[in-house]
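Here is the structure we will look at, set down as structure tokens.
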2 protein chains.
Amino acid sequence: MGMPKKGNRKEEILEAGLEVFAELGYYNTTTALIAEKAGISQPYVFKFFKTKEELFEAALDRAYERIVQSFQKVHTDSAHLVDAMIEAYEELSTSHPNEIALQVIGLSVPEASIKEVTRRGLQRIRKDVLDQFKSAGIANANYEVSTFLARGILCNLSFFLDLPELMK
Amino acid sequence: MGMPKKGNRKEEILEAGLEVFAELGYYNTTTALIAEKAGISQPYVFKFFKTKEELFEAALDRAYERIVQSFQKVHTDSAHLVDAMIEAYEELSTSHPNEIALQVIGLSVPEASIKEVTRRGLQRIRKDVLDQFKSAGIANANYEVSTFLARGILCNLSFFLDLPELMK
DNA sequence: TATATTAGTGATCAATCAATAACTAATTTT
DNA sequence: AAAATTAGTTATTGATTGATCACTAATATA
């Protein structure tokens, strides 16, 4: 026994968790399913993540980290900033759809520490985007950021709920 | 035994469910907790709702029904329509906060038939508000409705996540 | 007053699942 | 090549919980 040690186990489990959580939600996802997708036994998951909750938090954190990075990479003049941001977001939703779905899933998980990860993620996005809007000299930056966030979230939802007419 | 029959049991259970679901989310809510809040035994719940899921759907449906009704009652000229709608929504979130919370909860429950209730609810809100915007002669009605919905949902979330700065 | 119906409960079960414990095999180190 | 460490597994369990079943008490009806 003892299959040859493959690449980074923790990373593989995180990625498998991300996929399954994004598809089935937090509560319908079992650690057995994650383990199966990662090609390991169920208990081995707990060698890398103390609890299922901790694993979910790590995955959700990655999803927020990625979107923050994407937005930070955008540099353009005030006339095209919003459009460029939207484009960055659209790229993300095709390159990493699971992470977008996970953010939606995370929005309404009532577990306190998961809520906290969502809170921090949204706060960070807001702050970063606001800074960019301001330094580009966009008027009413606060209001525009809220609208930008709001439309982004509605877009996620319309994707998650399979309800495209929400965003016409 | 057999306590005196109180008012409408089904209604009481629905209301109790609404409260507990709104507070704890779909999965963390047990039928025992709902029964306790309704002042009956746990199995009796199933005399009125075949499954926990069916009870949740009924509660969620009520929440969407109420918001649709609220918006339909708004009548004013195009210059004040959006503001009046926002006001109607704000009234609702103080008079029926549980129903607002339940809508957020419902957004990311992956169970197919619950998702369907959310879909229908959002579609109905969108259609109704769009009709009102159009007949008031608001320009870019489609776009304005999306923005209106988006900001409404963001507002729900900022309330649910206890993250007021999201809506500054 | 017998009978049927309605309202409700206690006991229990079958399934699910996160997490632990105890173990084995492979690899690395000395 | 022994010892120690790392990688991984199998077996199991303890708790939870939706749902069913069999029953009792109250009320209405004839």
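Residue numbers start from 1 in every chain, and the chains themselves are labelled A, B, ... in the order their sequence lines are given, proteins ahead of strands.
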Ionic contact status for Glu165(B) with Lys127(A), cut-off 4.0 Å: no

Positive for salt bridge (charged side-chain N to carboxylate O under 4.0 Å, His left out) with Arg62(B), one of Glu99(B), Glu57(B), Glu11(B): Glu11(B)

Quick test: give all pairs of protein nitrogen or oxygen and nucleotides 17-21 of chain D nitrogen or oxygen below 3.5 Å, distance rounded to 0.1 Å.
residue : atom : partner  : partner atom : Å
dG18(D) : OP1  : Thr29(B) : O            : 3.4
dG18(D) : OP1  : Lys52(B) : NZ           : 3.4
dG18(D) : OP2  : Thr31(B) : N            : 2.9
dG18(D) : OP2  : Thr31(B) : OG1          : 2.8
dA19(D) : OP2  : Lys52(B) : N            : 2.8
dA19(D) : N7   : Gln42(B) : NE2          : 2.9
dA19(D) : N6   : Gln42(B) : OE1          : 2.9

Salt bridge present between Glu15(A) and Lys37(A) (N-O < 4.0 angstrom): no

Partner of Phe21(B) under side-chain contact (heavy atoms from CB on, under 4.5 Å), chosen from Val109(B), Asn28(B), Leu102(B): Leu102(B)

Under 4.0 angstrom between Tyr44(B) side-chain N/O and dT9(C) OP1 or OP2: no

Exam field: side chain Ser41(A) to backbone Ala35(A), donor-acceptor pair closer than 3.5 Å: no

Near-ring test Phe71(A)/Phe148(A), centroid separation under 6.0 angstrom: yes

Between dG8(C) (P) and Lys10(B) (NZ): distance, integer Å: 15 Å

Partner residues of Tyr64(B) under the ring pair (Phe, Tyr, Trp, His ring centres under 6.0 Å) criterion, sequence neighbours left out: none

N/O (side chain, Arg9(A)) to phosphate O (OP1/OP2, dG8(D)) under 4.0 Å: yes

Approximate separation, where rounding is to 0.5 Å, of Leu130(A) CG and Lys168(B) NZ: 7.0 Å

Length of the line joining Glu36(A):CD and dT10(D):P, which is rounded to integer Å: 13 Å

Near-strand residues of residues 106-116 of chain B, defined as heavy-atom separation under 4.0 angstrom from DNA chain C: none

Interatomic distance, Ile40(A) CD1 vs dT6(D) C1' [rounded to whole Å]: 15 Å

